[in-house]
Amino acid sequence: MPYQTATSPTVSKKKYWQFQLVIGFLWLCVAVITVYFRSTDFVTVAFIPAAFSFSLVTCFGRQALPGIIVGSMFASMFALIHVVEPTEDAFYFLPQIILYSVTHALCFYMAHLGLVRYTKGSLKLDQPKHVFALVYATMATSVISTTIATLVYFLIDLDIAQLLIDLFLLRWMSNITGTLCFTLTFMTAFSYFRCEQFFDHAYIDIAYLRNNLNIDSRLLKITLLFTSTIIALEIAGFYIETDHAVIGWMGIVATLCFAHVAIKLGPSALAIIISTFALLLIVSASSLWGVYTVSEVQMLLPTLSIAGILILALTGSIGNNRHLNTLAHTDELTGIANRRKWISHASQEFLRSKRYDRMMSIILIDLDFFKRINDEYGHDGGDLILQRSAKIFCNQLRDEALVCRYGGEEFAVIVPECSAQHAAIVAERMRESLSRSTVEYNNKTLKVSASFGVAEIQHTHAKLESLIKDADEALYQAKHNGRNQVMIKPA
Ligand SMILES: Nc1nc2c(ncn2[C@@H]2O[C@H](COP(=O)(O)OP(=O)(O)OP(=O)(O)O)[C@@H](O)[C@H]2O)c(=O)[nH]1
């Protein structure tokens, strides 16, 4: 039986399982490396692998989950064998391994649902709401997976379980920040390699990331630099375990480097606050030294500063790119969205409606006899009419609808979650409002009307273009029937 998904092409069973095996194998490798370098610490199996799994789900969608379960089963088996002497009673661990793997996958599924809900299935990191959705989902996965790992540890009744519970909050904090950094690194890497046929439930759009966050150059380099510094610190901690001072100094140097980069990235004031905060933590760390192991402090400090800097990098890029973005997506004359913006938004809405089987309609609008207005009142008069029409259309639409200037004297509207009948009511409102309005120009009163074509998404529409074509046919009909009216394309 082939695996059919809403929007992706059919994936063969063989390919599907090959994909799961690759994911499972990668997951196992990450976990093994983590356990190996973090020595005997089973709980931190949750740290890098959490970021790894979260990025897999973000980039490949929930199809990655079976591979994550398989990978985490083998990894937890490896971790348990690594920390506990293998006993004759090997099956004693089986329930814990299964519990760990299934609940682990469940927490990523929950993160998946959260992201779908708050980002409407498309993660755009230039929208604060989406950045927060990503941060919250990262926090949730990190907290849940650390908790599960610790509980499993507790269940198998090791002596250090109580100590781990004591360190719980500290671990949460460091795991959350660490997971966030690693998530971004993995996410970038996976986005480059993800296979076309597994796109359908993914939210992250790498083309979007690259274009809008300049991730190729700045953010990617910074993320990679920080991540490799943490890995270097971890490895150093593994090899020179007794020399706390060296690791402490490495932490300070790393933090200062991060602060320097952060100041360069700006906003400087925030960077200084974050670096001061990190330095204060370094000072207070000396008092923690006796209570906590060096690896906790070592992990906490750089990850805290990194998290701050990543947020800075994100907000910095967002700020720098927002202006360019606005220019690239706005129609200069009317100030509303341009055709490029509309097509990109409409394509996402189209995919979402198909995926979740939701209604969606579009309206194409063409001003009537516009050439005459230009001929009679000149190009400036025509421009004024275009500006006024755009304003009237916007006023008649709710926030979720997007109107754009589609071409010369053409406009297009996308109305999500709306049937053709309801979209026609909206169109009628716009038509009436436009035909009632007048524009004063050079002591003359100008009037304009428009024709409207409405079409609703159907199962037969494989692409957005076919929906637009239907709306265009309805518009043609409206023109043909005498203009200044709304026509619906019959289903
Ligand atoms: N002022 C102004 N006119 C524009 C702009 N873009 C396109 N036009 C004009 O819009 C007019 C469109 O004319 P037509 O395509 O013949 O359509 P129409 O006169 O509206 O006739 P129907 O659509 O059949 O009702 C042309 O004269 C274009 O020059 C613009 O940015 N400003």
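Counting begins at 1 with the first residue of the sequence. Atoms within each ligand, like the ligands themselves, are counted from 1 in listed order.
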Review point. Does CD in E440 sit with more than 12 non-hydrogen atoms of other residues, nucleotides or ligands closer than 6.0 Å?
Key: yes

Practice item. Could you say whether the N/O atoms of F370 and ligand 1 ever approach to under 3.5 Å? Key: yes

Review point. Just distances here: any N/O of F369 and N/O of ligand 1 closer than 3.5 Å?
Key: yes

**Study point:** For G382, the ligand 1 atoms whose distance to one of its heavy atoms is below 4.0 Å
**Key:** 1 (N)

Exercise for review: State whether the shortest distance between N or O atoms of D368 and N or O atoms of ligand 1 falls below 3.5 angstrom.
Suggested key: no

Exercise for review: Pull out every atom of ligand 1 sitting under 4.0 Å from any heavy atom of R405, numbered as shown with elements.
Suggested key: 5 (C), 6 (N), 30 (C), 31 (O)

Check your understanding: Side chains of N338 and R405: is there a donor and an acceptor less than 3.5 Å apart?
Key -> no

Review point. At what distance is the nearest protein heavy atom to atom 22 (P) of ligand 1, and which residue and atom is it?
Key: K479 NZ, 3.4 Å

Check your understanding: Do NZ/NE/NH1/NH2 and the carboxylate oxygens of D331 and R339 come within less than 4.0 Å?
Key -> no

Revision key, fill the gap. Atom 13 (O) of ligand 1 sits nearest the protein heavy atom K371 CB, 3.8 Å

Review point. What are the atoms of ligand 1, with element, lying closer than 4.0 Å to any heavy atom of L367?
Key: 20 (O), 23 (O), 25 (O)

**Study point:** Any Q387 heavy atom less than 4.0 Å from ligand 1
**Key:** no

Review point. Numbering the atoms of ligand 1 from 1, which are under 4.0 Å from a heavy atom of R483?
Key: 22 (P), 24 (O), 25 (O)

**Study point:** Shortest protein contact, atom 14 (P) of ligand 1 (heavy atom only)
**Key:** E409 OE2, 4.0 Å

**Study point:** Presence of salt bridge, K469 and E473, under 4.0 angstrom
**Key:** yes

Check your understanding: Do R372's NZ or CZ and the ring of F369 fall within the cation-pi criteria of under 6.0 Å and 45°?
Key -> yes

Exercise for review: For atom 32 (N) of ligand 1, find the nearest protein heavy atom and state the residue, atom name and distance (0.1 Å precision).
Suggested key: D383 OD1, 2.7 Å

Exercise for review: Give the atoms of ligand 1, by number and element, whose distance to some non-hydrogen atom of D366 is under 4.0 Å.
Suggested key: 23 (O)

Practice item. Using only heavy-atom distances, determine whether the side chains of W27 and S53 contain a donor-acceptor pair under 3.5 Å. Key: yes

Practice item. Identify the protein heavy atom lying closest to atom 9 (C) of ligand 1, giving its residue, its atom name and the separation to 0.1 Å. Key: N374 ND2, 3.3 Å

**Study point:** Side-chain donor-acceptor contact under 3.5 Å, S451 with D366
**Key:** no

Practice item. Please report which non-hydrogen protein atom sits nearest to atom 7 (C) of ligand 1, along with the residue it belongs to and the distance in Å to one decimal place. Key: G408 CA, 3.5 Å

Exercise for review: Report, as yes or no, whether the 6.0 Å neighbourhood of atom CZ on R358 holds more than 12 heavy atoms from other residues, nucleotides or ligands.
Suggested key: no

Check your understanding: So, K447 side chain and S435 main chain: donor-acceptor pair closer than 3.5 Å or not?
Key -> yes

